[in-house]
Amino acid sequence: MRAAFSGLIALFALCFSPAHAQDAPRWSLAIHGGAGVIERSSLTPEQDAAYRASLQRALDAGSAVLTRGGSALDAVQAAVEIMEDDPLFNAGRGAVFTAAGRNELDAAVMDGSDLTAGAVAGLTATRHPIAAARAVMERSPHVMLIGPGADAFAASVGLEQVDPSWFFTERRWQGLTKALTEAGLPIPDRPAGAPASPTASGDQGAEVAPPLNEKKFGTVGAVALDSQGRLAAATSTGGMTAKRWGRVGDVPVIGAGTYASNADGCAVSATGDGEYFIRATVARDICARIGAATAPDAAAQAEIDEAKALGGLGGVIVMTTGGAPAFAMSTSGMYRGAVSSTAPARVAIYADED
């Protein structure tokens, strides 16, 4: 089964490769919205269409930057911010809740041209965590800031702050109550400022439907090559449902969930079981393999397989200096898409899509 998935993902990447275009792309962009047990039976036609439309919007935002000659950094930030504002994904608005009933957000960004990087963890009030990560990279002497200090820094440089209830979605709240009930843990009070419970109000609309019956890692990310040959990667997440004790996963750990290096010819954004992706240093090792002349799809799959051997599932998107994206996963699906100056936008969800 793994070999079949690998072949199909390689085929998906091949559709965007220079071999299928008259010229190598001047710019290229790939995105993901999380990997996991995502099967056709788990999504209604309406949900399937909604995810595809959202992925297309993210591609449109990033490609608009690249089309006008903008930087890879601006492009990945633009694409990720679209997904941070979309409740379909576990990032920004729509992020999962901690066991204490809070949304704690992590993000990272990296510039492959000079290896500068920025990361944040445990944000609760900054609307766009990816913008905060970039501000850490460009407007501070640090690489990672966490918790209230990270929010305070973001506010100090003028990034939009919101009430924590802005991130609330009923679907994620119901997911938390289900997880805590199954674990025998207490359910916290509904967050201040959150909409009234649908049970109390009688509102059972589509947005407040129960969580999808799926195990997915809804982290979002983007990797890009711009017309100046620069690579960049960006990743944003709400982490794990019912996480405790200030848990932080791989996303803001440079080299685990996010990495970019023009010297290696590689940019990576990952989604999956963070603890295992940290231990396997997935993103950095993919770039090291590519820098040592391993084919991008093989490098990506090798690292995904290494994380799986440790016990972790997930997926990655990879961009190279040749502009051909690679995709790899150890799951039945990953929300993903790609577009370049020589290939039209395409999106996919299931592992068997080409």
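The hydrophobic clustering, which links ILVMFWY residues whose side-chain heavy atoms are closer than 4.5 Å, places Ile254 and Val136 apart. Under the 4.5 Å side-chain heavy-atom criterion for ILVMFWY residues, no single connected hydrophobic cluster contains both Met83 and Val162. Note: the hydrophobic cluster containing Val220 does not contain Leu105 (ILVMFWY, side chain heavy atoms under 4.5 Å, direct or indirect links). Cluster annotation: Leu180 and Phe97 are assigned to the same hydrophobic cluster (Ile/Leu/Val/Met/Phe/Trp/Tyr, side-chain heavy-atom contacts under 4.5 Å, transitive). Hydrophobic clustering (side-chain heavy atoms under 4.5 Å, transitive across Ile, Leu, Val, Met, Phe, Trp, Tyr) keeps Val109 apart from Val253.
From Ile130, atom CD1 reaches atom CD1 of Ile82 across 13.5 Å, with rounding to the nearest 0.5 Å. One distance of note links OG of Ser261 with CD1 of Ile286; it measures 13.0 Å at 0.5 Å rounding. Taking NE2 of His128 as the start and CD of Glu81 as the end, the distance is 4.5 Å to the nearest 0.5 Å. Atom OG of Ser332 sits about 6.5 Å away from atom CD1 of Ile38, to the nearest 0.5 Å. To the nearest 0.5 Å, atom CZ of residue Arg139 and atom OG of residue Ser156 are 7.5 Å apart. Atom CZ of residue Arg230 and atom CG of residue Asn262 lie 9.5 Å apart, to the nearest 0.5 angstrom.
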Worked verdict on Arg40 versus Asp352 for salt bridge (Lys or Arg N to Asp or Glu O under 4.0 Å): CA-CA 11 Å; Arg40 286 177 176 80; Asp352 61 1; 3.0 Å; yes
Criterion side-chain contact (heavy atoms from CB on, under 4.5 Å) on Val339 and Trp27, from CA distance to verdict: CA-CA 9 Å; Val339 64; Trp27 57 262; 4.0 Å; yes
Verdict with reasoning, Glu170 to Arg190, per salt bridge (Lys or Arg N to Asp or Glu O under 4.0 Å): CA-CA 10 Å; Glu170 188 64 36; Arg190 198 174 178 86; 2.3 Å; yes
Full working for salt bridge (Lys or Arg N to Asp or Glu O under 4.0 Å) between Glu275 and Arg247: CA-CA 10 Å; Glu275 281 70 15; Arg247 179 265 184 187; 2.8 Å; yes
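Counting only distance, with no hydrogens or angles, the side chain of Thr331 and the backbone of Gly333 share a donor-acceptor pair below 3.5 Å. The backbone N or O of Gly323 lies less than 3.5 Å from a partner atom in the side chain of Ser28, making a donor-acceptor pair. Glu353 contributes a side-chain N or O that, together with a main-chain N or O of Ile349, makes up a donor-acceptor pair within less than 3.5 Å. Without hydrogens or angle criteria, Arg244 side chain to Ala99 main chain gives no donor-acceptor distance under 3.5 Å. Proximity of a side-chain donor or acceptor of Ser330 to a complementary backbone N or O of Gly314 within less than 3.5 Å is detected. Using a distance-only test at 3.5 Å, with no hydrogens or angles considered, no donor-acceptor pair links the side chain of Asp163 to the main chain of Gly193. In this structure, the side chain of Thr294 does not engage the main chain of Ile290 through any donor-acceptor pair within 3.5 Å. Using a distance-only test at 3.5 Å, with no hydrogens or angles considered, no donor-acceptor pair links the side chain of Arg26 to the main chain of Gly69. Proximity of a side-chain donor or acceptor of Gln47 to a complementary backbone N or O of Thr44 within less than 3.5 Å is detected. Side-chain N or O atoms of Ser63 include one that pairs as donor or acceptor with a backbone N or O of Asp60 at under 3.5 Å.
Under the 4.0 Å criterion applied to side-chain N and carboxylate O atoms, Arg289 and Glu303 are assigned as salt-bridge partners. A salt bridge links Glu138 to Arg134: one of the charged nitrogens lies within less than 4.0 Å of a carboxylate oxygen. Under the 4.0 Å criterion applied to side-chain N and carboxylate O atoms, Asp264 and Arg284 are assigned as salt-bridge partners. Arg52 has a carboxylate O that lies under 4.0 Å from a charged side-chain N of Asp48, or vice versa, which qualifies the two as a salt bridge.
Remark: the Thr124 side chain and the Asp151 side chain contain an N/O donor-acceptor pair separated by less than 3.5 Å. At a cut-off of 3.5 Å, with distance as the only test, no side-chain donor of Ser71 or Asp226 sits close to an acceptor on the other residue. Side-chain atoms of Asp297 and Gln301 include no donor-acceptor pair closer than 3.5 Å. For the residue pair Ser269 / Thr258, no side-chain donor-acceptor distance below 3.5 Å is found, with atom types taken as modelled. A donor-acceptor contact closer than 3.5 angstrom links the side chains of Thr237 and Thr219.
You'll find the side chain of Val143 stays beyond 4.5 Å of the side chain of Met137, heavy atoms only. Within the 4.5 Å cutoff, the side chain of Leu231 has no heavy atoms near those of the Val223 side chain. A heavy-atom distance below 4.5 Å is not found between the side chains of Arg336 and Val347. Residues Thr271 and Met334 form a side-chain contact, since some pair of their non-hydrogen atoms from C-beta on lies under 4.5 Å apart. Proximity of Val282 to Asp250: side-chain heavy atoms (C-beta onward) are nowhere separated by under 4.5 Å. When side chains are defined from C-beta on, Val268 does not count as touching Ile317, because their heavy atoms never get closer than 4.5 Å. Within the 4.5 Å cutoff, the side chain of Phe153 has heavy atoms near those of the Val157 side chain. Looking at heavy atoms from C-beta onward, Pro252 lies out of side-chain contact with Val120 at the 4.5 angstrom threshold.
In plain terms, the two heavy atoms of Ser42 and Val37 that are nearest each other are OG-O, 4.4 Å. Annotation for Ala222 and Leu29: closest pair CB-CD1, 4.3 Å, computed over non-hydrogen atoms. Of all the heavy atoms in Pro188 and Leu176, the pair that sits closest is CG-CD2, 4.3 Å. Counting all heavy atoms, side chain and backbone alike, Gly311 lies closest to Tyr276 at O-CE1, 3.7 Å. Listed here is the closest heavy atom pair of Leu123 and Gly147: CD2-O, 4.4 Å. The shortest heavy-atom contact between Gln77 and Ala131 is NE2-CB, 3.7 Å.
Under the side-chain hydrogen bond (donor to acceptor under 3.5 Å, both in side chains) criterion, Ser140 pairs with no residue, sequence neighbours left out. A search for ring pair (Phe, Tyr, Trp, His ring centres under 6.0 Å) contacts involving Phe167 returns nothing, not counting sequence neighbours.
Shown are Arg57, Arg93, Arg127; of these, the salt bridge (charged side-chain N to carboxylate O under 4.0 Å, His left out) with Asp85 is made only by Arg127.
For residues 101-113, the set of pairs meeting the side chain to side chain donor-acceptor pair (under 3.5 Å) definition, not counting sequence neighbours, comprises Arg102-Glu104, Asp111-Ser113.
Ring-plane geometry between Phe89 and Tyr335 is classed as perpendicular, the angle between the planes exceeding 60 degrees on a 0 to 90 degree scale with a lower cut at 30.
Heavy atoms of other residues, nucleotides or ligands lying less than 6.0 angstrom from CD1 of Ile146 number 12 at most.
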